[in-house]
Amino acid sequence: MKKTAIGVFDSGYGGLTVLKEIVKQLPDYDYIYLGDNARAPYGPRSFETVYQYTLQCVEWFFAQGCELVILACNTASAKALRNIQQKDLPKLDAHKRVLGVIRPSTEIIGNFSTTGAIGILGTTGTVLSDSYPIEIHKFFPNSKVYQQACPMWVPLIENAEYNSPGANYFVKKYLDQLMGQSADIDTILLACTHYPLLIEKIKQQLPAGIQVVSQGEIVAKSLVQYLDNHPDMSKMCSKTGSIQFFTTDSTSDFDNHASLFFGRELRSEHIFL
Ligand code: DGL
C-alpha cells in the first residue's frame with residue numbers, strides 16, 4: 001500500500017490559515033497544499049464555475065495519490081463539496097474522501113453564543129448558498145443566523161492591502177451591515193479562510209463582548225477527530241512531516257504573500273490545470 005499526503009485546497013492563500021492550524025495539531029502527517037491563485041477569487045463566481053474549478057483541483061490531488069482532501073475554502077465547500085461527494089467520488093474512487101470546512105464549524109458555533117444570535121461573514125458565494133443558516137439550524141435549531149457578504153475583503157487580502165486605510169473602510173462597512181441586522185448578535189464566525197488576516201481590525205471595530213471565531217483551529221480539531229475515528233484512512237496517510245506547496249499562478253507571488261498566511265517562509269511549485 002502506497003501512503004500519501006493529505007491534500008489541502010483553497011482558491012488562493014486563505015487555506016494556508018487552516019493548514020497552519022492542522023500542522024500544529026497533526027505535525028507528523030505529510031501535506032500537499034494547492035492554491036488556485038490563477039482563478040481566484042472564487043467568491044463572486046457562479047455555482048457551476050466554482051464546482052468545475054474545485055473538481056479539477058480535487059482530480060489533481062487524486063492524481064498525486066492523495067486519499068484525503070480538505071477543501072479549506074468555504075466557497076468551494078458551499079458550492080462544490082456536496083456534488084463532489086455524491087456525484088463524482090463514486091465514479092472517481094469511492095474510497096477517497098473529500099471534506100469541507102462548513103460542517104466542522106456549524107456543529108460547534110452555537111456553543112460560543114449565549115444569545116443564540118450568530119453572525120456569519122463570508123464571500124458572496126458562501127452567503128448566497130445559505131449553507132451556514134441551513135447547517136447551523138440542524139445542530140442548533142433555536143439559533144438565529146444573520147449573514148453578511150464581504151466581497152471586498154478577499155481582494156484586499158490577496159493584494160496585501162488589509163492593513164491600509166481602505167481596509168478600515170470596508171471592514172467597518174460590512175460589520176455595520178451585519179450588526180445592523182440584530183442587536184443580539186454575540187458571536188461572529190469568519191466563514192472565509194482569508195478573513196483571519198483581518199481579525200484584529202474586525203475586533204477593533206466591534207463592541208466589547210462580541211466573540212469573533214475563525215475556523216482554522218476548529219477544522220484542525222475536527223480533522224484530528226476524523227482520523228481517530230477512521231484509522232484505515234489514517235494508515236493510508238504518510239507521516240514524515242513534509243509539506244509541499246503548489247499554485248496555479250506565479251510561484252514568486254505565492255511565496256511572497258504566503259508567509260503572511262502561513263507564518264513562515266515557503267517555496268511553491270507551479271502547476272497548470
Ligand atoms: N478563502 C475562500 C473561502 O473560504 C474564498 C476566497 C475566494 O473568494 O476565492 O471562501
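On a predicted model such as this, the values are computed, not experimentally measured, just so you know. For reference, positions follow the sequence shown, starting with 1. Atoms within a ligand are numbered from 1 in the order they appear, just like the ligands themselves.
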Quick one: look up the protein heavy atom nearest [atom] and list residue, atom name and how far away it is.
atom                    : answer
atom 8 (O) of ligand 1  : Gly43 N, 2.7 Å
atom 1 (N) of ligand 1  : His194 ND1, 2.7 Å
atom 10 (O) of ligand 1 : Thr75 OG1, 2.7 Å
atom 3 (C) of ligand 1  : Asn74 N, 3.2 Å

Going by the atom numbers of ligand 1, which of them fall below 4.0 Å from some non-hydrogen atom of [X]?
X      : answer
Cys192 : 1 (N), 2 (C), 3 (C), 4 (O), 5 (C), 10 (O)
Asp10  : 1 (N), 2 (C)
Ser11  : 5 (C), 6 (C), 7 (C), 9 (O)

Approximate separation, where rounding is to 0.5 Å, of Asn229 CG and Ser234 OG: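 Reported to 0.5 Å precision, the distance equals 11.0 Å.
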[X] side chain to [Y] backbone, donor-acceptor under 3.5 Å:
X      : Y      : result
Asp30  : Gly241 : yes
Tyr13  : Ile157 : no
Ser143 : Gly110 : no
Gln211 : Ser113 : no

For ligand 1, the portion of [X] having any non-hydrogen atom under 4.0 Å away:
X      : result
Thr123 : side chain
Val154 : side chain
Val101 : neither

Between Gln52 and Gln56, is there a side-chain donor-acceptor contact under 3.5 Å, judged purely by atom types and distance?
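Not at all, the side chains of Gln56 and Gln52 share no donor-acceptor pair under 3.5 Å.
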Centroid separation Phe262 to Tyr33 less than 6.0 Å:
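No, the ring centres sit 6.0 Å or more apart.
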Check your understanding: When you look at Thr106 and Lys138, which way does the side-chain contact (heavy atoms from CB on, under 4.5 Å) test go after all the steps?
Key -> CA-CA 9 Å; Thr106 53; Lys138 285 185 193 159; over 6 Å; no
Quiz item: Does Cys73 come within less than 4.0 Å of ligand 1, judged by its heavy atoms?
Solution: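 Under 4.0 Å: yes for Cys73.
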